[in-house]
Amino acid sequence: MARTPLHLNRPVRTAATLASVAGIALLAGCSAGAAEAETAITSDTSSSTTSEPTTATTADSAGGGASGAFVAGTYEGDGSYSNPRGNIEKVHVSMTIAADGTIESVDVTGTTDGAESAQYQGLFISGISDEVVGKKIDELNVTVVSGSSLTSGGFMQAVDAIEAEAAA
């Protein structure tokens, strides 16, 4: 049996080693997202403890917004959006509304899959109260808060659900 000299096998062994390392790195990258698990972020600017739960993620906002009449109270809604990696991020909004539709307080909780998403949700959550408290819910159109533009999509889904439930 003829044997190939050892020095000729070196490129083949090097290539096989590099391919193995690349495969391991790829698998490790896939599991990094799972290892980060879900990170919860919260902000509480609400002084009311009464809540009427809403589980809808979308709703038609034409109801109470057209007439401007709302049932005063604290309402909850959920929304979601896709991050740049294609993962679904979630926000839960609790909002206290006056009878004329004025937002009196807002509390947002975010659930995300990683550090970068958590950073953007945190920026959004820390700045949202300044953007919405004192404004009418039927005139609300949040697009970017503190540099976070994607979180606003989920937030507005939750607001639509809250507005529909609060409509008189």
For residues Leu123 and Val133: do they belong to one hydrophobic cluster (side chain heavy atoms under 4.5 Å, members Ile, Leu, Val, Met, Phe, Trp, Tyr)?
no
Using 0.5 Å steps for rounding, measure from the CZ atom of Phe124 to the CD atom of Glu89.
13.0 Å
Working to the nearest 0.5 Å, report the span between OG1 of Thr109 and CD of Glu76.
9.0 Å
For the CD1 atom of Ile103 and the CD atom of Glu131, what is their distance to the nearest 0.5 Å?
11.0 Å
Verdict with supporting geometry, Asp113 and Asn83, side chain to side chain contact (heavy atoms under 4.5 Å, CB included):
CA-CA 10 Å; Asp113 73 338; Asn83 72 16; 3.5 Å; yes
Spell out, yes or no, whether Leu150 and Val91 are grouped together once hydrophobic residues are joined by side-chain heavy atoms under 4.5 Å, including indirect joins.
yes
Nearest non-hydrogen partners of Gln157 and Ser80, listed with the distance:
OE1-N, 2.8 Å
Same apolar cluster (I L V M F W Y, side chains within < 4.5 Å links), Val159/Val71
yes
Spell out, as yes or no, whether a donor-acceptor pair under 3.5 Å connects the side chain of Ser152 to the backbone of Ser149.
yes
Less than 4.5 Å apart, any side-chain heavy atom of Ser117 and any of Arg85?
yes
So, for Gly127 and Ser146, which heavy atoms are closest and what is the spacing to 0.1 Å?
CA-OG, 4.0 Å
Kindly compute the distance separating CE (Met156) from CD (Glu163), expressed to the nearest 0.5 Å.
8.0 Å
Mind checking the OH-CD1 spacing from Tyr120 to Ile125? Nearest 0.5 Å is all I need.
15.0 Å
Scanning both residues in full, the closest heavy-atom pair of Ala158 with Gly79 reads CB-N, 4.0 Å
Are the side chains of Ser105 and Thr74 in contact, using a 4.5 Å heavy-atom criterion?
no
If you apply the rule side-chain hydrogen bond (donor to acceptor under 3.5 Å, both in side chains), what do you find for Gln121 with Thr112, and how did you get there?
CA-CA 8 Å; Gln121 274 192 359; Thr112 181; 4.8 Å; no
Heavy-atom closest pair, residues Ala99 and Ala72:
N-CB, 3.7 Å
Min side-chain heavy-atom separation Phe155-Val145 under 4.5 Å:
no
What distance separates Ile162 CD1 from Ile97 CD1, expressed to the nearest 0.5 Å?
6.0 Å
